[in-house]
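To start, the structure itself, in structure tokens.
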Amino acid sequence: MTKLVLTQEKELSQEEIKELQEEVRKLAKKKNAVILAHYYQRPEVQDIADFVGDSLELARKASKTDADIIVFCGVRFMCETAKIVNPTKKVLHPNPESGCPMADMITADQVRKLREKHPDAEFVAYINTTADVKAEVDICVTSANAPKIIKKLNAKKIVFLPDQALGNWVAKQVPDKEFVIWKGFCPPHFEFTYKELLKLKKQYPDAKVAVHPECHPKVIELADFVGSTSQIIKYATSVDVNRVIIITEVGLKHTLQKINPNKEYIFPQSMNYCRTVYCCTMKGITLPKVYETLKNETNEVILPEDIIERAKRPIQRMLDLS
Ligand code: SF4
């Protein structure tokens with residue numbers, strides 16, 4: 001199981017950060033490596049990346065790169081996806097302990113058992129699943145394309161896994177299909193409560209509210225906008241108000257401030273876990289770990305060939321349809 005709490009080795013000074021960032025960039029150039037980072041990464045890690053994006057954008061980048069090495073700054077399932085879509089590349093994961101608790105909430109064996117129960121259904125997996133699970137399903141989706149893709153599927157019955165919040169949100173938008181939804185969830189998003197959001201709305205009555213669909217349905221109900229991280233970026237940086245309350249992982253603030261620093265982005269932050277949206281495993285990727293991994297070419301992502309072959313099909317189908 002994924003470890004929930006990972007801490008950085010020691011706090012680095014601004015000077016040390018700058019020095020290490022320069023070293024990483026030099027190494028990347030020398031080794032023809034591309035550094036991909038998710039929006040939820042630490043700011044100092046995002047700043048050394050060749051590309052920062054959401055799961056869909058990163059999968060696309062990984063599939064098209066001609067670099068020899070992909071250093072993937074994200075959680076394990078993202079590195080696996082990069083390996084699956086571009087298996088001849090060396091994919092390095094700066095912290096192999098950084099998994100996704102939601103992805104660990106369903107196994108390949110559980111999917112096979114579900115198949116026996118629902119032989120007439122099309123199996124749709126959120127990209128936040130392990131490679132073994134992807135190898136068992138018909139198509140993958142991300143939070144950016146799930147409604148659009150599921151509307152295009154022929155089957156009347158959809159088994160959606162593993163995220164119940166995303167599944168319920170999509171099901172509302174595709175009422176002509178029957179949904180069987182797995183009860184997985186993203187702890188940082190799902191455990192943030194609507195009461196906390198009500199407090200923020202009261203504190204900032206002029207603000208609009210943008211929410212990620214991994215959040216609890218009661219939180220989603222209070223939103224002005226619901227979408228993936230890349231969709232939230234577009235909305236929050238362009239909406240006609242000065243303040244936007246954002247209910248997703250706080251790492252996104254770094255990108256928002258870079259794109260449009262004239263707005264105020266309010267993220268819930270507190271020492272109380274249920275009052276904030278902070279993904280400990282995403283933050284388990286630190287600058288020193290990126291440096292060491294690239295320097296020594298360690299933590300290579302290795303997957304069995306048959307899993308790569310079988311998991312590639314649902315990912316490719318998603319990329320073709322989105
Ligand atoms: S934010 Fe949630 S879904 Fe994303 S990696 Fe963290 S636990 Fe997994």
Side-chain angles (χ1 to χ4, degrees), residues 1-8 36-43 45-46 52-59 72-82 93-107 124-131 133-134 140-146 160-170 181-193 210-217 219-220 226-233 246-255 267-269 273-286 289 301:
M1 278 297 280
T2 297
K3 281 191 184 168
L4 265 176
V5 179
L6 295 165
T7 51
Q8 186 157 6
L36 304 180
H38 192 269
Y39 288 125
Y40 297 166
Q41 290 292 295
R42 296 167 182 271
V45 171
Q46 292 188 35
V52 182
D54 66 11
S55 305
L56 180 61
E57 294 164 337
L58 292 169
F72 207 113
C73 303
V75 291
R76 193 181 309 121
F77 76 80
M78 296 177 173
C79 305
E80 289 180 347
T81 304
H93 189 196
N95 186 352
E97 289 197 74
S98 277
C100 166
M102 171 161 62
D104 290 340
M105 288 178 190
I106 189 162
T107 64
V124 179
Y126 191 17
I127 195 120
N128 299 32
T129 40
T130 63
V133 165
K134 286 187 179 81
C140 290
V141 293
T142 69
S143 50
N145 62 24
F160 188 93
L161 54 97
D163 185 18
Q164 58 182 291
L166 180 64
N168 286 321
W169 179 69
V170 175
I181 298 169
W182 192 254
K183 291 281 181 204
F185 61 94
C186 160
H189 283 93
F190 199 66
E191 288 170 4
F192 177 78
T193 68
V211 165
H212 194 280
E214 286 171 14
C215 289
H216 195 282
V219 171
I220 289 179
V226 185
S228 68
T229 43
S230 52
Q231 291 162 346
I232 288 176
I233 290 169
I246 317 256
I247 312 300
T248 191
E249 217 280 345
V250 66
L252 190 64
K253 194 173 192 172
H254 189 60
T255 299
F267 282 74
Q269 290 196 60
Y273 185 67
C274 297
R275 292 185 192 155
T276 188
V277 186
Y278 181 89
C279 181
C280 303
T281 56
M282 279 282 187
K283 300 298 191 276
I285 309 293
T286 63
K289 283 192 165 83
V301 177

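Computed from a prediction, not measured in an experiment: that's the story for all the values here. Each ligand, and each atom within it, is numbered from 1 in the order the structure gives.
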Considering heavy atoms of the protein only, find what lies nearest to [atom] and give residue, atom and distance to 0.1 Å.
{"atom": "atom 2 (Fe) of ligand 1", "result": "Cys186 SG, 2.3 Å"}
{"atom": "atom 6 (Fe) of ligand 1", "result": "Cys279 SG, 2.3 Å"}
{"atom": "atom 3 (S) of ligand 1", "result": "Asn128 ND2, 3.2 Å"}
{"atom": "atom 7 (S) of ligand 1", "result": "Pro101 CD, 3.4 Å"}
{"atom": "atom 8 (Fe) of ligand 1", "result": "Cys100 SG, 2.3 Å"}

Quick check against the 3.5 Å criterion: does Ser98 have a side-chain atom that pairs as donor or acceptor with the backbone of Val75?
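No; zero donor-acceptor contacts below 3.5 Å.
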Has Gln46 got a side-chain atom pairing as donor or acceptor with Gln41's backbone, closer than 3.5 angstrom?
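It does hold such a pair.
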Once you restrict to heavy atoms under 4.0 Å, what part of Glu249 touches ligand 1? Side chain, backbone, both or neither.
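None of Glu249 does.
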Measuring from atom CE of Met282 to atom CG of Asn95, what distance do you get when rounded to the nearest 0.5 angstrom?
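Output value for this atom pair is 12.0 Å.
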Value rounded to 0.5 Å, distance of CG in Leu252 from CG in Asp54
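If I round to the nearest 0.5 Å, the distance is 9.5 Å.
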Met102: numbered ligand 1 atoms lying under 4.0 Å from its heavy atoms:
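Checking each atom against Met102, I get 3 (S).
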Subset of ligand 1 atoms that lie under 4.0 Å from at least one heavy atom of Val75
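Counting atoms of ligand 1 from 1, those under 4.0 Å from Val75 are 5 (S).
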If the test is side-chain hydrogen bond (donor to acceptor under 3.5 Å, both in side chains), which one of His189, His212, His38, Lys283 qualifies with Glu249?
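Exactly one pass, corresponding to Lys283.
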Can you confirm whether the side chains of Thr248 and Tyr40 place a donor and an acceptor under 3.5 Å from each other?
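Indeed, the side chains of Thr248 and Tyr40 share at least one donor-acceptor pair under 3.5 Å.
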